[in-house]
Peer 1: 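The following block contains the structure, expressed as structure tokens.
Only this structure's heavy atoms are used, side chains among them; waters, hydrogens and symmetry mates stay out.
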Amino acid sequence: MRIAKNFRLWKLSDVLTICLLGISVVAFGQTKKLTTAEAKDHIGEQATVCGRVAGTRYAETTRGKPTFLNLDKPYPSQLLTVLIWGDHREKFGSPEEKYRDKQVCVTGKITEYRNAPEIVVSDPQNIEVQK
């Protein structure tokens with residue numbers, strides 16, 4: 001009888017442990033959803049930032065061949081810049097045309113470049129066009 005009781009307690013504790021682990025994975029796996037105005041307060045964090053692509057530029061002759069998507073205001077007043085390096089550009093097609101004037105949500109680590117928030121993106125799955 002004592003063995004059966006201990007076995008049930010052991011099984012119950014295992015079930016509770018698995019449930020708690022599952023909840024923590026879900027809770028910590030989610031990213032914050034921010035506006036472009038909020039992004040500046042979340043430098044260094046992983047987040048999803050949503051805004052309208054107000055300006056684009058493909059700097060074909062610049063080292064690294066970057067493509068810039070400026071959200072909510074055009075450069076130099078952009079609230080967030082999405083940077084796609086030339087090495088990853090072909091995965092996106094022509095991002096400066098594809099995303100121009102679109103409402104998008106971009107997921108990645110928010111960094112700071114020249115006092116402005118930026119997210120570097122290497123996979124098209126990190127940019128979601130909103131309807």
Peer 1: What about Phe92 and Leu71, same hydrophobic cluster or not, with Ile/Leu/Val/Met/Phe/Trp/Tyr joined at side-chain heavy-atom distances under 4.5 Å?
Peer 2: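 Yes, same cluster.
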Peer 1: Salt bridge check, Glu45 against Lys109: does any charged N sit closer than 4.0 Å to a carboxylate O?
Peer 2: no
Peer 1: Scan Val82, Leu83, Ile43, Ile110 and name whichever one has a side chain to side chain contact (heavy atoms under 4.5 Å, CB included) with Glu118.
Peer 2: Leu83
Peer 1: What pair of heavy atoms forms the shortest contact from Leu69 to Pro95, and how long is it?
Peer 2: CD2-O, 3.8 Å
Peer 1: Does Glu38 use its side chain to pair, donor to acceptor, with the backbone of Thr35 at less than 3.5 Å?
Peer 2: yes
Peer 1: Tell me whether Asn126 contacts the main-chain N or O of Val121 through its side chain, where contact means a donor paired with an acceptor under 3.5 Å.
Peer 2: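 Flag not set: sc Asn126 to bb Val121 has no pair under 3.5 Å.
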Peer 1: When you look at Lys91 and Asp123, which way does the salt bridge (Lys or Arg N to Asp or Glu O under 4.0 Å) test go after all the steps?
Peer 2: CA-CA 7 Å; Lys91 296 183 225 172; Asp123 190 326; 5.9 Å; no
Peer 1: How many angstroms lie between atom OG1 of Thr48 and atom CD of Glu128, to the nearest 0.5 angstrom?
Peer 2: 8.5 Å
Peer 1: Treating Ile, Leu, Val, Met, Phe, Trp and Tyr as nodes and any side-chain heavy-atom pair under 4.5 angstrom as an edge, say whether Phe68 and Ile119 lie in one connected cluster.
Peer 2: no
Peer 1: State, to 0.1 Å, how close Thr36 and Gly51 come at their nearest heavy-atom pair, and which atoms those are.
Peer 2: CG2-CA, 4.1 Å
Peer 1: Is there a path of hydrophobic side-chain contacts, each under 4.5 Å between heavy atoms, that joins Tyr99 and Tyr75?
Peer 2: no
Peer 1: Going by heavy atoms in the side chains, are Val129 and Lys98 under 4.5 Å from each other?
Peer 2: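 The answer is no, as the side chains (C-beta and beyond) never meet within the 4.5 Å cut-off.
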Peer 1: Backbone N or O of Ala37 within a donor-acceptor pair of the Lys40 side chain at under 3.5 Å?
Peer 2: yes
Peer 1: Hey, could you give me the CG/CD distance between Asp72 and Gln103, rounded to the nearest 0.5 Å?
Peer 2: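 Going from CG on Asp72 over to CD on Gln103, the span is 7.0 Å.
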Peer 1: Run the side-chain contact (heavy atoms from CB on, under 4.5 Å) test on Asp101 and Val53 for me, step by step, so that the C-alpha distance in whole Å, both residues' side-chain angles and the decisive distance to 0.1 Å come before the verdict.
Peer 2: CA-CA 5 Å; Asp101 297 319; Val53 179; over 6 Å; no
Peer 1: Distance from Thr67 atom OG1 to Glu60 atom CD, nearest 0.5 Å?
Peer 2: 9.5 Å
Peer 1: Any side-chain heavy atom of Glu112 sitting closer than 4.5 Å to one from Pro117?
Peer 2: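 When only atoms from C-beta onward are counted, Pro117 and Glu112 do not touch, as no gap falls below 4.5 Å.
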Peer 1: Calculate, to the nearest 0.5 Å, the distance between atoms CZ and CZ belonging to Arg100 and Arg57 respectively.
Peer 2: 13.0 Å
Peer 1: When you look at CD of Gln130, are more than 12 heavy atoms from neighbouring residues, nucleotides or ligands closer to it than 6.0 Å?
Peer 2: yes
Peer 1: Could you go through the salt bridge (Lys or Arg N to Asp or Glu O under 4.0 Å) check for Arg89 and Glu96 one step at a time?
Peer 2: CA-CA 10 Å; Arg89 182 180 159 78; Glu96 72 282 6; 2.8 Å; yes
Peer 1: Does any part of the side chain of Thr81, heavy atoms only, come nearer than 4.5 Å to the side chain of Tyr113, both counted from C-beta?
Peer 2: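 No; the side chains remain at least 4.5 Å from each other.
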